[in-house]
Amino acid sequence: MASVVTISTKPFEGQKPGTSGLRKKVKVFLQENYTENFIQSILDANKDSIVGSTLVVGGDGRYLVKEVVDKIIKIAAGNGVAKLLVGQNGILSTPAVSHLIRKYKTLGGIVLTASHNPGGINNDFGIKFNCSNGGPAPDHTTNEIYKLSTAITQYKIVPDIQCSVEKIGVQKFKVGDKDFVVEVIDSVKDYVDYMKEIFDFPKIKSLLQGAGKKPFNVLIDSMNGVTGPYVKAIFIDELGATEQNVRRIVPLEDFGGAHPDPNLTYAADLVNAVKNGDYDFGAAFDGDGDRNMIIGRDAFFVTPSDSLAVLANHLQHIPYFQRSGVKGFARSMPTAAAVDRVAAASGREMFQVPTGWKYFGNLMDAGRLSLCGEESFGTGSDHVREKDGLWAALAWLSVLSATQLSVQEILSKHWTQFGRNYFTRYDYEECPSDPCNEMMTELEKKMSGSGFVGSSHSSGGKTYVVAVADNFSYMDPVDQSVAMKQGLRIVFEDGSRIVLRLSGTGSSGATVRLYIDSYEASDVLGSAQEKLAPLIDVALQISQLQKYTGRDQPTVIT
Ligand code: VG1
Ligand code: CO
């Protein structure tokens with residue numbers, strides 16, 4: 001029998017979850033009691049239901065996941081949790097955690113990941129709490145966790161529990177007179193079974209095998225993140241792909257030094273391999289498996305905003321939606337409005353929420369939302385309450401199989417029918433914080449000053465007249481909660497738009513994100529960078545971004 005020990009502790013500053021959980025350098029989490037404090041604060045935020053509860057625990061395999069899984073086991077036992085479902089070796093993708101919470105109806109789950117941020121001893125770690133609907137905790141819960149972390153005086157732990165998470169199976173412990181159970185589960189099985197229900201695997205398999213014609217060649221890149229074992233189970237074991245169709249499918253603690261963010265800069269390897277090889281389709285996923293990048297033959301790039309719109313227009317090809325029907329659509333505010341046009345054409349509800357997947361959950365729970373996405377390579381549906389990288393790749397393959405078109409043909413057809421929202425995002429990563437904050441304050445002042453609305457701004461022979469200027473705020477239509485200050489937005493009379501916000505997922509300094517989009521009804525086959533160049537210039541002029549950040553070039557262009 002093991003017993004509970006109460007350890008005195010003092011609050012740490014800055015345990016405030018950002019866009020998606022608490023993310024800091026590994027070395028910050030390694031401080032004595034830092035991680036314990038935050039875990040205790042999560043459990044305390046659930047104090048009315050924690051005793052006797054079940055929680056799901058797992059992470060993306062990065063450095064520190066195993067150690068923190070062990071701490072969670074001991075602290076959960078100390079707080080009267082009855083059972084933990086833990087992925088083998090601590091491995092669970094973020095969408096898989098969401099699915100497990102829903103399937104086994106648990107109180108929630110703790111996800112150990114800093115997502116697309118690099119891993120390893122000198123990089124990032126993160127902890128996120130997901131609620132019983134499977135989704136990231138909403139603002140009122142993360143605010144409560146933060147508040148508790150600022151006043152914490154003790155945590156409860158059972159140091160004597162020795163629990164290995166290497167082997168699948170049930171381990172039982174006695175804590176005082178209570179039972180405590182840790183069930184180590186297969187990291188991929190439940191998720192793979194679910195994908196087989198959602199999609200028509202035999203159809204996708206026959207697409208990949210060519211169905212008598214030339215095989216449809218895919219290249220799937222896990223970037224050494226958590227999706228590796230899922231990709232192996234789905235693409236190789238189920239869909240008959242070979243080792244030539246997959247890359248980097250072994251999860252590594254430091255992602256092999258890669259920055260596991262599937263975009264044109266950090267997944268350049270995949271882009272080049274598809275460009276130079278005989279591939280019809282490429283996909284990459286981020287560290288924790290919730291993001292996706294889709295490219296076609298010759299590395300034809302599908303922007304996430306377009307990907308969302310194309311999927312919205314083709315959901316009828318996916319068995320899950322044939323059964324459940326298609327409800328509304330949603331996107332985050334900075335995401336280009338391509339999907340809005342599909343919603344309008346099909347008479348469906350359309351929602352625009354702040355950045356972060358937590359804002360989609362209520363709409364899904366209320367039965368009003370089927371498909372949503374973010375420009376940051378996030379796409380997903382109400383099958384879980386997280387964005388889901390593998391789901392997106394399988395959804396694309398379902399559409400390609402049903403239409404028998406190439407990726408590029410689908411996009412051209414889409415733009416011809418709906419027009420095109422040209423979109424680009426510039427990221428200025430890890431800039432000094434103070435000047436960036438000042439830039440946002442000054443810009444907001446300028447935007448609310450008299451005469452800004454109606455003012456003209458010119459570049460490259462084009463003139464834009466400001467129609468709307470605001471700091472985006474959102475009221476959730478389900479629970480009426482309000483999220484303020486979610487990004488500065490300047491909309492011009494022709495509908496073009498500039499959005500500027502500071503990232504809430506970085507672990508040091510400030511990352512500035514500049515989003516630009518502009519709609520063209522018929523001139524749809526141009527290059528986004530060329531089309532948007534004047535607007536980008538206008539954005540740099542108005543914000544004086546280069547002066548404040550000291551950067552003349554962005555770190556990443558999407
Ligand atoms: C970024 C993206 C946002 C996404 C979030 C979490 O947030 O912009 O769209 O939901 O990352 O994604 P921010 O605050 O840095 O802009 V993940 O895959 O890192 O959990
Ligand atoms: Co992620």
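Every number for a ligand or one of its atoms is a count from 1 in the order of the listing. Note: hydrogens, waters and symmetry copies are ignored here, and every other heavy atom, side chains too, is used.
- Around ligand 1 you find T19, S20, R23, S115, H116, D286, D290, R291, T355, G356, E374, S376, K387, R425, R501, S503, G504, T505, R513, each with a heavy-atom distance below 4.0 Å.
- Put simply, the side chain of E444 never gets that close to the backbone of T441: no donor and acceptor are under 3.5 Å apart.
- Under 4.0 Å is where a charged nitrogen must lie from a carboxylate oxygen, and between R385 and D365 at least one such pair does.
- Once rounded to the nearest 0.5 Å, the distance linking CG of N117 with CG of D261 reads 8.0 Å.
- Residue E13 places its CD atom among 12 or fewer non-hydrogen atoms of other residues, nucleotides or ligands, all under 6.0 Å distant.
- Environment of NZ in K16: crowded, with over 12 heavy atoms of neighbouring residues, nucleotides or ligands closer than 6.0 Å.
- For Y191 and Y230, the gap between ring centers is short of 6.0 Å.
- Using a cutoff of 4.0 Å between basic side-chain nitrogens and carboxylate oxygens, D193 and K189 are scored as salt-bridged.
- Protein-derived N/O/S atoms nearer than 2.8 Å to the Co ion (ligand 2) total 4, waters excluded.
- Within 6.0 Å of NZ in K531 there are more than 12 heavy atoms belonging to other residues, nucleotides or ligands.
- Salt bridge absent: K547 and E438 never bring a charged side-chain N and a carboxylate O closer than 4.0 Å.
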